[in-house]
Amino acid sequence: MNRPREEHIRHLQNILGPEGWLAADEDKAPYLQEWRDKFHGETPLVMRPASTAEVAQILAYCNDQRLAVVPQGGNTGLCGGAMPKNGELLLSLGRMKRIRDIDTDNFTITAEAGCILADIHRVAAERQRLFPLHIGAEGSCQIGGNLSTNAGGTAVLRYGNMRELTLGLEVVLANGEIWDGLRGLRKDNTGYDLKQLFIGAEGTLGIITAAVLKLFPLPRRRAVALAGLKTCEQAVELLSRSKERAGDRLTGFELMNRLSLELVGRHLPECAAPLPLSHPWYVLIELSDTDEAPLDEKLQHILERAWEADLIEDAHVASSLTQADRLWRMRHAISEAQKHEGGSIKHDISVPVSQVAAFIARADHAVAAMIPGFRSIAFGHVGDGNIHYNPLQPRNMAKAEFLARWAEVAETVHDIAASLGGSISAEHGLGQLKNRDLPRYKSAVEIAMMRKLKTALDPHGILNPGKVLP
Ligand code: FAD
Ligand code: ZN
């Protein structure tokens, strides 16, 4: 790979036009640091193309000149995937934010990669449609980033993750060719499902420039409750029962341990839980429906039955939409609240739903043996078997000393997830954070297939080098 020289930069600036690039340090800075401040990047040029044709011209040139390119969306990814770590060119999709089409009868929206997720929600809702992907970063993450990480979030248990929410893609290949796969079809059996290659590829196989996404009818009713439980096993049983009783109306089921909510109360009091935190575990349950009939009664009924069966100790049902939103704000505040309490070693694992309690118990036991006095934070999308397991530093330990144990703790936690049939990255991807661990958890056959695909689509390795593949 070549390092970009003066003449390369000038050529790219010409393609992009005066509005389409940033080269001054203060202008580049926001693109080169990320949310957790774990990764920093460097680049000679932030490229901000305005169209698919410009992206194609850039890639054709970079492929020809052997210049590496790192794509970036909203820069909210948590694995350093969008950071140029070795002075690569940075390709930001943020100016490509046109909604190309919304087809309410086909229940689809065609959006460019740089559209902010929350804007898609808003545009769809104006037409009585729902785009159901909900994640904490929705105010700034972009559709291209969501696709490239196969984002998950809080509604996967009902609507699926980005893979399931996508019907078609437009992609610029490494050599600058444009693949127009913007089909809005629910049925299309004409060979390999190529769009799925680019979804979750973290920018290593092509640049996504637009997508056809699925829409759903906008729910008219919502009921939300917070229930307190004694054990994590009970949460899994409550999940099964809620699914049996509410079927498709169960659209949220989030697990949180007490410490995660205590930290929200301590550091972000405006998002605190509306009741005293006297139980070891909490679940936030949401039902929603397109029908006008009230759902509160149904949720009450589920909770009463659970209480009679000794599954829950207590429950608070939101009595208004404001209260319901407040419960969700509390859930989404957990990541931020943790930051204020010191260092935490973050994991984004998944296991079969039936193994969630076993995973947390084993991980707590193993981490306590390594770092006595560590504080366990566990929360997440239990309906998908996806837990954010983030051991927090002991009170009497220096943050740096605790974080120095990251690799060792992560390996232990990941080994436990793997032994239960799980994954080391449920929704955030691999980026540069976990790619080197891949050979420990995937077979040589699987990694060799991934390498062959990479070589076929990006023979010179210009797209996001050093990410995903070990
Ligand atoms: P970026 O961070 O900019 O990029 C992510 C990856 O995609 C990088 O490898 C980048 O190179 C590549 N990429 C970006 N755009 C393109 C493109 N157009 N073509 C090809 N490659 C591209 N994630 C979840 O799944 N669920 C959650 O619940 C969740 N909650 C979060 C909460 C908070 C507070 C934060 C900060 C993050 C959270 N995330 C969550 C992680 C993050 O928001 C998602 O991974 C999101 O999908 C990333 O989108 P982005 O636009 O910010 O992508
Ligand atoms: Zn999550």
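Just follow the structure's listing: the first ligand is 1, and inside any ligand the first atom is 1. Computation of the quantities below employed the complete heavy-atom set of this structure, encompassing side-chain atoms and omitting hydrogens, waters and symmetry-equivalent molecules. Position 1 is the first residue of the sequence; numbering continues from there.
- Of the candidates A201, G380, A137, it is A137 that places a heavy atom closest to atom 33 (C) of ligand 1.
- Ligand 1 lies out of reach of K467, whose nearest heavy atom is not under 4.0 Å from it.
- In T76, the parts holding a heavy atom less than 4.0 Å from any atom of ligand 1 are both the side chain and the backbone.
- When the shell of 6.0 Å around NZ of K85 is examined, it contains more than 12 heavy atoms from other residues, nucleotides or ligands.
- Each of the atoms 9 (O), 11 (O) of ligand 1 lies under 4.0 Å from some heavy atom of N464.
- The protein heavy-atom contact nearest to atom 16 (C) of ligand 1 is S148 OG, 3.5 Å.
- Contact between G206 and ligand 1 is present, with at least one heavy atom of the residue lying under 4.0 Å from the ligand.
- The Zn ion (ligand 2) has H388 among its coordinating residues (N/O/S atom, backbone or side chain, under 2.8 Å).
- Of all atoms in ligand 1, listed by their number and element, those nearer than 4.0 Å to a heavy atom of A151 are 25 (O), 47 (O).
- For atom 6 (C) of ligand 1, the nearest non-hydrogen atom of the protein is T149 CG2, 3.8 Å.
- Under the 4.5 Å side-chain criterion, counting only non-hydrogen atoms from C-beta, T154 is not in contact with E286.
- Here atom 40 (C) of ligand 1 lies nearest to H428 when heavy atoms of Q432, H428, M83, H381 are compared.
- In terms of protein heavy atoms, atom 11 (O) of ligand 1 is closest to P71 O, 2.6 Å.
- At least one side-chain heavy atom of Y389 sits under 4.5 Å from a side-chain heavy atom of V413.
- For the pair E254 and R331, the salt-bridge criterion is met [side-chain N within less than 4.0 Å of a carboxylate O].
- Atom 46 (C) of ligand 1 has its closest protein heavy atom at N146 ND2, 3.5 Å.
- For ligand 1, the atoms closer than 4.0 angstrom to any heavy atom of C141 are 49 (O), 50 (P), 51 (O), 52 (O).
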E427 vs N161, side-chain hydrogen bond (donor to acceptor under 3.5 Å, both in side chains): CA-CA, chis, key distance, verdict: CA-CA 9 Å; E427 57 177 9; N161 48 28; over 6 Å; no
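- Between H428 and H388, the ring center distance clears the sub-6.0 Å criterion.
- Residues I199 and L169 have side chains in contact (heavy-atom distance under 4.5 Å, counting atoms from C-beta outward).
- Scanning the protein for heavy atoms near atom 18 (N) of ligand 1, the closest one is I208 O, 2.9 Å.
- Nearest-heavy-atom check against atom 44 (C) of ligand 1 across I143, I135, T154 picks out I135.
- For atom 36 (C) of ligand 1, the closest heavy atom belonging to the protein is W35 CD2, 3.5 Å.
- L78 CD1, 3.9 Å is the protein heavy atom nearest to atom 38 (C) of ligand 1.
- Atoms of ligand 1 lying under 4.0 Å from any heavy atom of E202, numbered from 1 in the order shown and given with element: 9 (O), 11 (O), 12 (C).
- Counting protein heavy atoms only, atom 1 (P) of ligand 1 is closest to N75 N, 3.6 Å.
- Every residue two or more places apart in sequence or in another chain that forms a salt bridge (charged side-chain N to carboxylate O under 4.0 Å, His left out) with R100 is listed here: E112, E170.
- Taking the side chain as every heavy atom from C-beta outward, L250 and L287 approach each other to under 4.5 Å.
- Shown in contact with G203 at under 4.0 Å from a heavy atom are these atoms of ligand 1, numbered in order with element: 20 (C), 21 (N).
- Between E411 and R440 there is a salt bridge, since at least one side-chain N of the basic residue sits less than 4.0 Å from a carboxylate O of the acidic one.
- You'll find the side chain of K214 reaches within 4.5 Å of the side chain of L167, heavy atoms only.
- If you look at E427 and ask which of its N, O or S atoms sits nearest the Zn ion (ligand 2), the answer is OE2.
- Environment of CZ in R436: sparse, with no more than 12 heavy atoms of neighbouring residues, nucleotides or ligands closer than 6.0 Å.
- Considering only heavy atoms from C-beta on, L32 comes within 4.5 Å of L90 through its side chain.
- The shortest side-chain heavy-atom distance between V212 and L185 does not fall under the 4.5 Å cut-off.
- Of all the heavy atoms of S335, none lies under 4.0 Å from any atom of ligand 1, so neither backbone nor side chain is involved.
- Judged by the shortest distance from any of its heavy atoms, G152 lies inside the 4.0 Å radius around the atoms of ligand 1.
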